[in-house]
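Written below as C-alpha cells is the structure these notes are about.
Note that ligands are numbered from 1 as they come in the structure, with each ligand's atoms numbered from 1 the same way. Values below: all heavy atoms of this structure, side chains included; hydrogens, waters and symmetry mates excluded. Bear in mind that the values here come from a model prediction, so they are computed numbers and not experimental data.
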Amino acid sequence: MCGIVAYIGRSEAAPILLDGLRRLEYRGYDSAGLVLSHEGNLQIRKSVGRIQNLAELLGKSPVQGHRGISHTRWATHGAVTDINAHPHTDQSGHLVLVHNGVIENYLTLREEMEREGHIFHSQTDTEVLAHLMGKHLSELGDVTADHLVEAVRRSLREVQGTYGIAVMHRDVPDFIIGARRGSPLVLGIGRDENFLASDVAAVVNHTRDVVYLNDFEIVLLRPDTFQIQSLSGDGRDYEVSTVDFEAEETSKGEYPHFMLKEIFEQSSTVRDAMRGRLSLEEATAKLGGLNMTPSQLREVERIVLIGCGTAYHAALIGEYLMETLACLPTEVEVASEFRYRNTPMDKYTLTFVLSQSGETADTLAALRESQRKGHRTLGICNNVASTIARESDGGVYMHAGPEIGVAATKSFTSQVTILTLLSLLMGRIRNLSSSDGLRIIEELEQLPEKISRVLQMNPHLPDVAKKYAEAHGMLFMGRQFQYSVAIEAALKLKEISYMFCSGYPSAELKHGVIALVNSETPSVVIAPHDALFEKNASNIQEVRARKGPVIGVGTEGHAELEKITDDVLWVPDAPDYLMPILTVIPLQLLAYHIAVTRGCDVDKPRNLAKSVTVE
Ligand code: G6P
C-alpha cells in the first residue's frame with residue numbers, strides 16, 4: 001500500500017515532502033521516512049508511527065537539500081519497525097528507493113543475491129528491489145544517469161507484482177526516476193521543479209499541471225525537464241491534465257475526532273448527495289454523470305455493484321433498493337472476488353464500482369476487469385481526482401467532502417443515498433408510477449431533517465456505550481434492509497474498538513451464532529416498527545432466554561421494543577427502504593463512544609488504512 005512523494009527543484013525539499021506525506025497518510029501510517037541529497041550526501045530519516053513522528057525527528061535532526069524522495073508505509077512484508085521503514089538502499093548504500101506495491105518474487109531474488117554476497121537489513125520486498133537495481137548498476141560500470149535508468153529498467157523487467165516507485169542515487173545529481181505498474185503515480189510539473197506522488201492531493205498545492213503515468217512507464221525527472229518512456233526506453237506520448245481539485249485543509253473544528261465530526265455532517269452530506277438530482281416534474285432522479293440516455297438505461301437488465309469494506313455494505317443495501325424500487329435483478333460482489341471470478345454478465349449488464357477514495361486496489365482492478373469484458377462500468381466515488389473516477393465510463397460523485405476518519409461513516413450514507421436515487425431512476429423508466437416516484441422524492445427530501453433529529457434524539461447513547469464498553473464481543477442482527485446495517489455496524493465497532501463483532505441476518509441466529517450468546521455478549525437488534533418487527537421480537541426473546549443483553553434500535557416511541565430490550569437507540573420513522581440511512585447513525589455513534597471509552601485511537605485505528613491500495 002503506502003504513499004510516495006518525490007521532489008526535485010530549487011526549494012527545500014523536506015517541507016514539501018512532509019506536507020505531501022501528510023496528505024497521503026490515508027494510504028497507511030505504520031511508519032514514514034524520507035531521504036534528501038545534499039552536497040554529495042544522502043540524509044535518511046525514518047520513524048515508526050505517524051508522519052508527525054517523522055516531523056518531530058526532523059525537528060531534532062534536520063535535513064537539507066533540493067532533491068528528495070519520501071514514503072508513508074502500510075506494512076505488507078516485514079514488521080512495523082524503523083528498519084523496515086522506507087527509503088531502502090542497495091548494497092552500496094548510495095541508491096535509494098521508495099515503493100508502493102508488492103514485489104511477489106522478492107524471496108527468490110533475495111536468495112539469489114544473498115548467495116552473491118548481498119546483505120539485507122530489513123524483511124521488506126522493497127529492499128530486495130533496491131539491491132537488484134544496485135546490482136545491475138554495478139554490472140553496467142560507471143554510475144551515470146543513463147546507467148541508473150538502464151539498471152532500473154532491467155530490474156523492473158525481472159520483478160513480478162506491483163509497484164509505484166521513486167529512485168535516486170547519491171552520485172547522479174539532479175535526477176529522480178519514477179515508474180509504475182499497478183500502483184498509481186502522478187507527475188506534477190512545476191516551474192523549475194517537478195514532483196512525483198501516489199495521488200494528486202500531494203502536489204496540488206504546488207502545481208495544477210499533472211501527468212497520470214500509465215503502467216509500464218518510467219519517468220525521468222530533472223528540476224527543469226522530464227521525460228516519459230516505456231520500460232524499453234522508447235519515448236511515450238502523454239497528456240498534461242489540469243487538476244481542478246482543492247486540497248482542502250480539513251480541521252476537526254469543535255469535535256475531538258474527525259469520525260465524530262463526519263458522523264455529525266451526515267445531514268448535510270446526504271443533502272449534498274441529492275442536490276440538483278431530484279426532479280419533481282418528472283418524479284425521478286437526474287444523474288447526468290452516468291452518460292447514458294433513458295433508452296440505454298431502459299436496456300439494462302441486470303446490475304452488478306462492486307466494492308470493498310463499507311462500500312460493499314452500501315452496495316448490499318443497493319441490491320435491496322434496486323430490487324424493491326426498480327425490480328431489477330442486482331448482484332453485489334466484493335471487489336477482490338469479482339476480479340478473479342467469472343461472474344456471469346451479459347451485454348445488458350451495467351456495472352457500478354463504489355469507492356469513497358476511488359483508489360482501492362481491488363475495486364480498481366474490478367473496474368478494469370468489467371471494462372475488459374466490454375461492460376460499461378460506472379463509478380460512485382467521493383474523491384473526484386481519483387483513479388476510479390478517471391477510469392470509469394461515468395458515474396455519480398458523492399460530494400461528501402473529505403472523509404478523514406479511517407472508519408467510513410458519511411461516505412456510507414452518501415453511497416446509500418445515491419443508490420436510492422439510482423433505483424428511483426431505474427424504477428421510473430420501468431414500472432414505478434409517477435405518484436410512487438413523487439412519494440419517494442418527498443421521503444428523500446425529509447431525510448436530512450430526520451438525520452439531524454437522530455443525531456440529537458439519543459442523549460443516553462454515551463452511557464449505553466460505557467455500559468457495554470468492556471464486553472468481550474458484540475453481535476449485530478437485522479432483517480432485509482437492516483441486515484446490511486447490522487454487518488456495517490459490526491465492522492464499525494470492530495475496526496475502531498478492536499472488539500470481536502459479528503453481523504448477520506436475524507434469522508441466522510439459530511444457525512450457529514446463538515452459541516456465542518451469554519450474559520457477557522450483548523446483541524444489537526435493529527428492529528424498526530415495520531412488517532417484520534414481530535420476527536425480530538422473537539429473535540430478541542431467543543437472545544434474552546439465554547441471558548444475552550439486548551440493545552434495540554427502533555422507531556421513535558415504539559413501547560413494545562422498549563419492553564423487551566435492555567437499552568434502546570431511537571430513530572425517526574421512515575419507509576423501510578430509507579431506514580438504513582437512519583439506523584446506521586446511532587450505531588456509528590455507539591461504535592465511536594465505545595472506542596473512546598476503551599481509549600482507542602478512533603481516527604487512525606491500528607493496522608488499518610483509509611484506502612487499501614495493495615491487493
Ligand atoms: C478500507 C477502509 C474502509 C473502506 C474500504 C473501502 O478498508 O478502512 O473504511 O470502507 O477501504 O474503501 P473505498 O475508498 O474503496 O470506499
Side-chain angles (χ1 to χ4, degrees), residues 1-3 24-30 74 76 184 198-199 201 257-259 262-263 269 273 305-318 332-339 352-368 377-392 395-398 400-419 484-485 487-498 501 503 584 587-588 591-592 595 600-615:
M1 221 135 78
C2 321
L24 297 188
E25 210 172 9
Y26 73 88
R27 304 174 75 92
Y29 41 78
D30 286 338
W74 184 85
T76 57
S198 303
D199 176 342
H257 297 98
F258 279 108
M259 182 182 176
E262 287 156 9
I263 291 172
T269 50
L305 303 172
I306 303 171
C308 297
T310 291
Y312 168 71
H313 295 163
L316 288 172
I317 296 179
V332 182
E333 296 262 8
V334 175
S336 54
E337 288 298 306
F338 175 86
R339 63 183 291 190
F352 283 87
V353 291
L354 288 83
S355 176
Q356 186 283 130
S357 63
E359 297 293 346
T360 301
D362 282 319
T363 312
L364 178 59
L367 162 79
R368 290 175 178 164
T377 309
L378 306 171
I380 299 178
C381 292
N382 194 29
N383 181 0
V384 294
S386 63
T387 313
I388 291 177
R390 276 186 290 113
E391 292 195 14
S392 52
V396 190
Y397 284 122
M398 290 154 58
E403 189 179 63
I404 310 292
V406 165
T409 51
K410 63 178 178 175
S411 61
F412 177 78
T413 45
S414 292
Q415 282 159 349
V416 177
T417 304
I418 287 167
L419 289 166
S484 309
V485 176
I487 54 178
E488 170 59 11
L491 174 67
K492 280 302 79 94
L493 183 55
K494 77 178 90 153
E495 63 187 345
I496 61 171
S497 74
Y498 320 137
C501 299
V584 77
L587 295 173
Q588 294 168 341
Y592 171 81
C600 299
D601 187 344
V602 172
D603 283 335
K604 290 203 168 75
R606 72 181 181 207
N607 304 341
L608 298 181
K610 183 70 186 154
S611 173
V612 177
T613 58
V614 288
E615 209 184 329

Nearest-contact summary for atom 5 (C) of ligand 1 - protein heavy atom, Å: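 Ranking protein heavy atoms by distance from atom 5 (C) of ligand 1, first comes Cys308 O, 3.9 Å.
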Which heavy atom of the protein is the closest neighbour of atom 16 (O) of ligand 1, given with residue, atom name and distance?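 Looking only at protein heavy atoms, the one closest to atom 16 (O) of ligand 1 is Gln356 N, 2.7 Å.
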For ligand 1, which atoms, with element, lie under 4.0 Å from some heavy atom of [X]?
| X | answer |
| --- | --- |
| Lys610 | 1 (C), 2 (C), 11 (O) |
| Val612 | 1 (C), 7 (O) |
| Ser355 | 13 (P), 14 (O), 15 (O), 16 (O) |
| Thr360 | 6 (C), 12 (O), 13 (P), 14 (O), 15 (O) |

Geometric N/O contact [X] with ligand 1, under 3.5 angstrom:
| X | value |
| --- | --- |
| Glu495 | no |
| Thr363 | no |
| Val406 | yes |

Is there a heavy atom of [X] sitting under 4.0 angstrom from any atom of ligand 1?
| X | answer |
| --- | --- |
| Leu608 | no |
| Ala609 | yes |
| Ser611 | no |

Have a look at ligand 1 and work out which part of Thr310, if any, has a heavy atom under 4.0 Å from it: side chain, backbone, both or neither.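 Contact part for Thr310 vs ligand 1: both backbone and side chain.
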For ligand 1, note which part of Glu359 has a heavy atom under 4.0 Å away: side chain, backbone, both or neither.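 Answer for Glu359: neither.
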Between Glu403 and Ser411: side-chain donor-acceptor atoms closer than 3.5 Å: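 Result is yes, a qualifying pair exists.
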With heavy-atom distances below 4.5 Å as the criterion, would you say the side chains of Leu608 and Tyr29 are in contact?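 The answer is yes, as the side chains (C-beta and beyond) meet within the 4.5 Å cut-off.
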Does the side chain of Ile317 come within less than 4.5 Å of Val485's, by heavy atoms?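 Yes, close enough: below the 4.5 Å cut-off.
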Could you walk me through whether Ile380 and Leu419 pass side-chain contact (heavy atoms from CB on, under 4.5 Å), step by step? CA-CA 9 Å; Ile380 299 178; Leu419 289 166; 3.9 Å; yes
